[in-house]
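Indexing begins at 1, ligand by ligand and atom by atom, following the structure's order. Note: hydrogens, waters and symmetry copies are ignored here, and every other heavy atom, side chains too, is used.
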Amino acid sequence: MYQIYPRSFADSDGDGIGDLPGITARLDHLVELGADAVWLSPFYPSPQADAGYDVADYRGVDPIFGRLEDIDKLLTQAHSRGLRVIVDLVPNHTSSAHPWFVEALASTPGSAARQRYIFRDGRGAGGDKPPNSWQSVFGGPAWTRVTDADGAPGQWYLHLFDAGQPDLNWDHPEIRAEFGDILRFWLDRGVDGFRVDVAHGLVKQADLADWHYPDEPVSGEPVEGPRPPMWDQDGVHDIYRDWRSILDKYPGDRVLVAEAWVQPAERLAAYVRPDEMHQAFNFEYLEAAWTAPAQYAVIDRSLAATDAVGAPTTWVLSNHDVLRHASRLGLPVGTIRPRGIGADDPQPDAALGLRRARAATLMMLALPGSAYLYQGEELGLPEHTTMADDARQDPTWVRSGQTERGRDGCRVPIPWEADAPSYGFGPTDSSWLPQPAVWAEYALDRQRDVPGSTYELYRTALRLRRDLALGTGRLSWVDGPEDVLAFRNGELLVVTNFGAEPAALPEGAEPIHASAALDPDGRVPTDVTVWARV
Ligand code: NOJ
């Protein structure tokens, strides 16, 4: 599954923002790469307070991305190439520009229009304190106070993300009915499914009890101890059972994929029980340290948890919300994942990061289950870690009081041609986030058919993954030295060396693919993954 972030994939009209016709024109790239399916991040009408995850109209296309016909063309063209397409569904919150929220603001406390969202009176004298202690994932309080028609300060509304993303009240039957209709609208248009944004957030604990945050980032889920009242409430599962029953009425395979930052793996697996969603992003895998014991533990635990409910496991290393793995893995092992990097922060080791990223990817693509790739990782793209702060657009930067750089560094428009304007992203030099000068060396045309390039590493891996049916295979661990992780998937042996010393392959193992050259004695060097036939 290849994630396209429409703003940054390909710009057909030269306004510096990627668009749907740009994607359609580049679909052959995905076929050449060897992807089976595409997930499109939001393209709906939106004020873009959170890059489109603030939806004002769930049934349209924002003019910056094109028109509804452009989606139809994209679907037709993708399907004719054998590519499936899933779209992003954002049910936890709407945009503050959504007609429902506009109506709620124009209505009085307790009115029907306000019941669709989570409005409460404030605490303290004059109600001037937020109703509870909840914090926005982007920083600052999760509540914003509204001003009444007479100009007086009024109630507060809940937004777990930006103030432009008011949370919906999922206890309200009208919300449930509306989202059922939205699903049908897109299924009727021919989409193959949905990636469900913040799938663990829709239902809140009824009393909206205060929550005392641990020191970790507010979106972090404690593995033990009480569950936060805003995340992973049992009530979310009824919603996904309803949606599953809608999808099951459609011909062909249609899927629901949960974006749920939920731990431990057993709780995440509850989202993919037989009558709920089909897959859930495995963020515990993305966050695991680059050591053999940590990788072994997370892979083993993930497989066991999804096996228990009969669902495929998923694997993901990068997306539009996290530091690109070519940079993340260039930070000292054990670093807590930073939420963005700026020019004055410690910089990742780019060469080490890429070497480890290639090894990590090659290990991931041999695992049974579904692998999710994020646009540009097939080029080995690093995070833009020195972006000028005044170019940043992620609300995290402002809401955190400029303490967290946020996610712009992984969202920079991707390079296609080294010597073209905007590196071939579009017909002009314009790019909504600045592209670093190093983009030229990562451009697709510098890597295509170049032996050893990251692009060719991915292509070969995806071809073999398909030929050897690795995605539907079974993993069995192979004993070896402490710093070396080895497993078999069918006839393939996969060896990753995390240690300082080269690791020998078993007698008779015939290497067929590797993330970097083996040493002269045919051993696996540090931070290298090898695929071998046994
Ligand atoms: C998760 C999305 O991936 C992220 O980009 C967005 O900011 C939040 N959900 C809120 O919709």
Side-chain angles (χ1 to χ4, degrees), residues 1 3-9 18 39-56 58 62 86-98 101 117 134-140 142 158-168 170 179 182 194-202 204 217-221 230-232 236 256-262 268 271 277 279-283 286-287 314 316-324 337 339-340 372-375 383 392-400 404-412 432-433:
M1 176 76 78
Q3 179 190 357
I4 289 185
Y5 193 65
R7 296 179 79 86
S8 304
F9 187 69
W39 146 37
L40 298 175
S41 280
F43 47 75
Y44 313 107
S46 159
Q48 307 288 323
D50 183 23
Y53 281 93
D54 47 320
V55 180
Y58 287 87
D62 195 289
I86 70 170
V87 296
D88 223 304
L89 184 76
V90 189
N92 179 67
H93 42 265
T94 67
S95 161
S96 52
H98 190 285
F101 195 71
Y117 292 90
W134 296 6
Q135 298 289 297
S136 153
V137 171
F138 298 152
L158 177 71
H159 52 86
L160 292 178
F161 295 89
D162 189 65
Q165 295 167 296
D167 279 52
L168 285 164
W170 272 88
F179 273 86
I182 293 166
F194 305 88
R195 173 264 190 193
V196 179
D197 190 61
V198 201
H200 58 316
L202 277 51
K204 280 80 180 172
V218 291
S219 60
E221 280 285 321
M230 68 296 275
W231 303 126
D232 193 27
V236 294
L256 291 166
V257 182
E259 188 234 9
W261 290 81
V262 167
L268 182 63
Y271 288 73
M277 302 222 206
Q279 299 190 357
F281 288 101
N282 184 354
F283 294 122
L286 181 152
E287 299 204 302
T314 70
V316 59
L317 290 166
S318 281
N319 67 28
H320 65 294
D321 289 330
V322 300
L323 218 60
R324 283 186 174 274
R337 176 170 64 81
R339 301 171 116 209
Y372 284 76
L373 306 180
Y374 175 49
Q375 66 181 37
E383 185 86 0
R392 295 186 184 280
Q393 307 214 10
D394 181 355
T396 306
W397 176 232
V398 172
R399 286 199 62 91
S400 68
E404 285 180 358
R405 249 63 190 223
R407 303 160 293 176
D408 294 306
C410 64
R411 298 176 172 181
V412 176
W432 71 282
L433 287 172

Only one of Phe179, Phe194, Tyr58 clears side-chain contact (heavy atoms from CB on, under 4.5 Å) with Pro91; which?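 Only one option passes, and that is Phe179.
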Short side-chain donor-acceptor distance under 3.5 Å, Asp54 and Ser46: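 Present: a donor and an acceptor within the cut-off.
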Relative to the ring of Tyr5, is the ring of Trp432 parallel (under 30°), tilted (30 to 60°) or perpendicular (over 60°)?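 Tilted, since the angle between the ring planes falls between 30° and 60°.
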Write out each pair where an N or O from ligand 1 and one from the protein are under 3.5 Å apart, with the distance.
unit_1, atom_1, unit_2, atom_2, d
ligand 1, 3 (O), Arg195, NH2, 2.9
ligand 1, 3 (O), His320, NE2, 2.8
ligand 1, 3 (O), Asp321, OD2, 2.4
ligand 1, 5 (O), His320, NE2, 3.0
ligand 1, 5 (O), Asp321, OD1, 2.7
ligand 1, 5 (O), Arg407, NH1, 3.3
ligand 1, 7 (O), Asp50, OD1, 3.4
ligand 1, 7 (O), Asp50, OD2, 2.5
ligand 1, 7 (O), Arg407, NH1, 2.9
ligand 1, 9 (N), Asp197, OD1, 2.8
ligand 1, 9 (N), Asp197, OD2, 3.2
ligand 1, 11 (O), His93, NE2, 3.0
ligand 1, 11 (O), Asp197, OD2, 2.7

Aromatic ring centroids of Tyr53 and Phe161 under 6.0 Å?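 Between Tyr53 and Phe161, the centre distance exceeds or equals 6.0 Å.
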Tell me whether Glu383 contacts the main-chain N or O of Arg324 through its side chain, where contact means a donor paired with an acceptor under 3.5 Å.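 The answer is yes, because a donor-acceptor pair under 3.5 Å joins these two groups.
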Report the residue from Arg7, Arg407, Arg399, Arg405 that forms a salt bridge (Lys or Arg N to Asp or Glu O under 4.0 Å) with Asp394.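 Single salt bridge (Lys or Arg N to Asp or Glu O under 4.0 Å) partner of Asp394 among Arg7, Arg407, Arg399, Arg405: Arg407.
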